[in-house]
2 protein chains.
Amino acid sequence: MQQAIGDWTERFDGTRQLPRDLRDRLLRLASLRRFKAGETVFAPGRVPNSLLLLLEGTIRVFQTSDSGREIVLYRVEAGQSCVLTTACILAEEAYSAEGVAETDVVAVALPRSAFDRLAADSEAFRQFVFAAYSRRLLDLLRVVDDVAFGKIDVRLAARLVALADAEGALNATHQQLATELGTAREVISRQLTEFQRRGWIEAARGRILLRDVPALKALARQK
Amino acid sequence: MQQAIGDWTERFDGTRQLPRDLRDRLLRLASLRRFKAGETVFAPGRVPNSLLLLLEGTIRVFQTSDSGREIVLYRVEAGQSCVLTTACILAEEAYSAEGVAETDVVAVALPRSAFDRLAADSEAFRQFVFAAYSRRLLDLLRVVDDVAFGKIDVRLAARLVALADAEGALNATHQQLATELGTAREVISRQLTEFQRRGWIEAARGRILLRDVPALKALARQK
DNA sequence: GGCGGGGCGTGACAAAGTCACAGAAGCGCT
DNA sequence: AGCGCTTCTGTGACTTTGTCACGCCCCGCC
């Protein structure tokens with residue numbers, strides 16, 4: 001982890017196409033930041049005054065309600081930027097979402113001034129930023145749709161498939177899955193019991209094995 | 001309605017501060033668009049290739065589920081821009097929300113190329129655009145929060161207060177209110193019956209009178 | 001006056017969320 | 001191994017919300 005990152009401008013659509021001089025400027029202006037898994041990257045009150053560009057790892061962005069329940073809004077993956085924060089930075093408004101590193105994270109922090117300069121100088125960069133915004137907006141629209149109109153068995157099936165690794169396994173407690181979908185643990189427990197009864201999954205403490213991915217996918221496609 | 005709009009660049013934070021030459025360029029490049037109340041401004045498949053800046057009226061933006069239920073995401077008011085569309089235009093991605101004119105609407109349409117040029121030339125304009133994004137993101141976060149964690153009596157009370165005019169009256173059917181909150185008509189009917197039993201409102205066909213706004217506001221503040 | 005359609009009320013039921021509690025599984029410690 | 005603690009999971013009873021089916025009422029229109 002200690003090795004140099006090198007020319008990270010190579011890794012983003014929005015920076016790869018920039019002329020050499022802009023890229024060099026970026027390399028000078030941006031600083032490297034690392035977060036350990038579980039660390040909070042941003043939260044209400046803790047405003048990082050810069051745009052984060054993820055090089056490695058993923059950040060889970062979620063919202064917490066007053067009553068303590070949570071819901072995952074989206075994940076920021078390597079090669080993407082964390083625009084939600086940016087939006088609120090640039091608008092100097094309070095936001096209510098929180099981001100934690102889901103794995104160890106390496107990111108580039110681009111200070112606000114540099115961000116603005118780049119936005120002025122490069123159409124490619126503007127494209128990149130707007131595309132990122134667009135993506136998040138669409139993510140949020142999806143969340144609204146799911147929460148407002150989706151059935152939880154369908155949503156849970158989809159999430160299980162999405163979170164599982166190549167072997168069809170995932171480490172997650174019922175509570176964590178409840179947080180993913182913004183529901184209560186008991187609801188997840190009951191659904192998982194039902195899935196297990198049907199032989200679709202095999203549950204262990206904090207771990208779930210998908211036994212019938214096609215069946216889960218079929219359910220997930222519904223509605 | 002036929003009179004000239006004049007220098008509309010005066011009306012937006014993002015354009016008011018621009019130098020005279022840029023503003024003149026804007027006035028040349030942008031075109032005036034009008035929509036009648038009820039008309040669809042944008043919808044999946046009908047992508048206006050420009051940024052809309054609202055001069056008069058309001059646009060209701062909502063999402064429709066496959067099953068036909070709807071939910072209002074936010075409203076675009078005069079002086080604001082319709083960035084959700086923009087995001088999707090710029091990213092060239094499909095979006096799933098729809099916008100209809102809630103009143104007669106007068107707007108300025110700024111073509112994509114002009115938008116981009118302006119974004120390059122003016123920091124004030126960039127600020128404006130990002131602030132608009134930020135606002136919508138926050139609106140959507142609010143919707144997610146409400147839908148995922150809010151109780152409908154609270155949400156309905158809040159919406160009644162928000163939609164009522166100065167006299168505490170609003171014209172809306174139960175179905176329309178259901179659409180506001182993304183729920184079913186029967187749910188609204190029952191809640192309204194309860195509100196009426198408590199003497200908080202008075203209901204007529206397609207019309208509701210708020211009799212005890214403080215009580216409604218108190219309920220709305222909860223949670 | 002009769003007719004038709006949108007708006008509204010209601011009962012019965014299904015799905016989801018809440019509350020309370022109990023048992024099981026891991027984990028550290030001796 | 002045994003103990004005690006915490007966390008995770010299962011379950012029953014109940015509330016809230018959403019769904020379905022139906023019937024009535026109001027109002028405009030022929």
Side-chain angles (χ1 to χ4, degrees), chain A residues 38 63-71 143-160 169-198 201-209 219 222-223, chain B residues 38 63-71 143-160 169-198 201-209 219 222-223:
Chain A
Q63 192 168 31
T64 309
S65 81
D66 303 333
S67 55
R69 264 170 67 193
E70 294 178 4
I71 183 167
V143 172
V144 169
D145 198 80
D146 281 356
V147 171
F149 310 123
K151 302 189 61 177
I152 36 129
D153 53 352
V154 175
R155 296 175 59 207
L156 178 56
R159 200 55 71 107
L160 288 176
L170 65 155
N171 292 315
T173 66
H174 296 185
Q175 182 57 62
Q176 285 169 335
L177 290 171
T179 288
E180 288 283 334
L181 304 181
T183 182
R185 191 212 22 109
E186 296 92 316
V187 176
I188 299 295
S189 288
R190 279 192 260 267
Q191 290 299 329
L192 288 179
T193 311
E194 175 60 18
F195 286 176
Q196 192 157 19
R197 198 190 59 74
R198 295 187 201 163
I201 65 165
E202 200 168 314
R205 195 188 169 84
R207 185 169 178 79
I208 298 172
L209 281 148
L219 177 58
Q222 264 188 226
K223 224 192 129 191
Chain B
Q63 193 169 30
T64 309
S65 80
D66 303 334
S67 55
R69 264 170 65 192
E70 295 179 2
I71 183 169
V143 172
V144 169
D145 198 81
D146 282 355
V147 172
F149 310 123
K151 301 190 62 177
I152 35 129
D153 53 353
V154 175
R155 296 174 60 205
L156 178 57
R159 200 56 70 110
L160 287 176
L170 65 155
N171 293 315
T173 66
H174 295 187
Q175 182 57 62
Q176 285 169 336
L177 290 170
T179 288
E180 288 283 333
L181 303 180
T183 182
R185 188 209 28 104
E186 297 92 318
V187 176
I188 299 294
S189 289
R190 280 194 262 267
Q191 291 299 328
L192 288 179
T193 311
E194 176 60 19
F195 286 176
Q196 193 156 21
R197 197 189 60 73
R198 296 187 200 163
I201 65 166
E202 200 167 313
R205 199 186 168 82
R207 186 169 177 80
I208 297 173
L209 282 148
L219 178 57
Q222 264 186 226
K223 228 192 127 192

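Below, chains carry the letters A, B, ... as their sequence lines are ordered, and counting in each starts from 1.
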Check: Looking at residues 181-188 of chain A, who's got a heavy atom less than 4.0 Å off DNA chain D?
Finding: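 Within this stretch, A/R185, A/E186 sit under 4.0 Å of the strand.
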Provide, to the nearest angstrom, the distance between the [atom1] atom belonging to [X] and the [atom2] atom belonging to [N].
X      : N      : atom1 : atom2 : answer
A/L219 : C/dA15 : CG    : P     : 13 Å
A/L177 : D/dG10 : CG    : C1'   : 16 Å
B/I152 : C/dT18 : CD1   : P     : 14 Å
A/N171 : D/dC8  : CG    : P     : 12 Å
A/D153 : C/dG17 : CG    : P     : 11 Å
A/E202 : D/dT9  : CD    : P     : 15 Å
B/Q175 : D/dT19 : CD    : C1'   : 13 Å
A/L156 : C/dA15 : CG    : C1'   : 15 Å

Non-neighbouring partners of [X] that pass side chain to side chain donor-acceptor pair (under 3.5 Å), sequence neighbours left out:
X      : answer
B/E180 : B/R75, B/R159
B/T183 : none
A/E194 : A/R197, A/R198
A/R207 : A/N171

Next item on the list: Please collect all ring-ring contact (aromatic ring centres under 6.0 Å, His included) contacts where either partner lies in residues 177-196 of chain B, sequence neighbours excluded, each pair once.
Entry: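 Residue pairs with at least one partner in residues 177-196 of chain B: B/F195-B/W200.
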Margin query: Which is more 5' along DNA chain C, the nucleotide nearest B/A203 or the one nearest A/R190? Just name the residue.
Written below: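 On the 5' side of the pair lies B/A203.
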Check: B/T173 side chain: which of C/dG7, D/dC8, C/dA16 is closest?
Finding: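 Of C/dG7, D/dC8, C/dA16, C/dG7 is nearest to the side chain of B/T173.
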Next item on the list: Could you work out which one of C/dA16, D/dG10, C/dG9 sits closest to the side chain of B/H174?
Entry: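 Looking only at side-chain atoms, B/H174 lies closest to C/dG9.
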Notebook entry, point to check: When rounded to the nearest 0.5 angstrom, what is the spacing between CD in B/E70 and CD in B/Q63?
Noted result: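 Rounded to the nearest 0.5 Å, the CD-CD separation comes out at 10.0 Å.
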Item checked: Atom pair CG/CG of A/L160 and A/L219 - distance to nearest 0.5 Å ->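 So the gap between those two atoms works out to 10.0 Å.
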Name each donor-acceptor pair under 3.5 Å that joins a side chain in residues 147-157 of chain B to protein atoms two or more places apart or in another chain, with its distance.
from: B/R155; atom 1: NH2; to: B/L181; atom 2: O; distance (Å): 2.7

Got a sec, which residues hit side-chain contact (heavy atoms from CB on, under 4.5 Å) with [X], two or more places apart in sequence or on another chain?
X      : answer
B/S189 : B/H174, B/R185
B/A184 : B/E186, B/V187
A/R205 : none

Next item on the list: Quick one: the dot-bracket string of DNA chain D, using Watson-Crick and G-U wobble pairs with both distances under 3.5 Å, [ ] for crossing pairs and | for bases paired to another strand.
Entry: ||||||||||||||||||||||||||||||
Note to self: Does A/R69 reach a base, just sugar-phosphate, or nothing at all? Heavy atoms under 4.0 Å.
What the structure shows: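 Since only primed, P, OP1 and OP2 atoms lie under 4.0 Å of A/R69, the category is sugar-phosphate.
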Check: At their closest point, which heavy atom of A/L209 faces which heavy atom of A/A169, and how far apart are they?
Finding: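 Nearest pair, atom of A/L209 first, then A/A169: CD2-CB, 3.9 Å.
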Notebook entry, point to check: Taking the nucleotide of DNA chain D with the closest heavy atom to each, which residue, A/A204 or A/A148, is nearer the 5' end?
Noted result: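 Nearer the 5' end of the strand: A/A204.
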Check nucleotides 24-28 of chain D for protein N or O atoms closer than 3.5 Å to its own N or O atoms and list the pairs.
from: D/dC26; atom 1: O2; to: B/R205; atom 2: NH2; distance (Å): 3.3

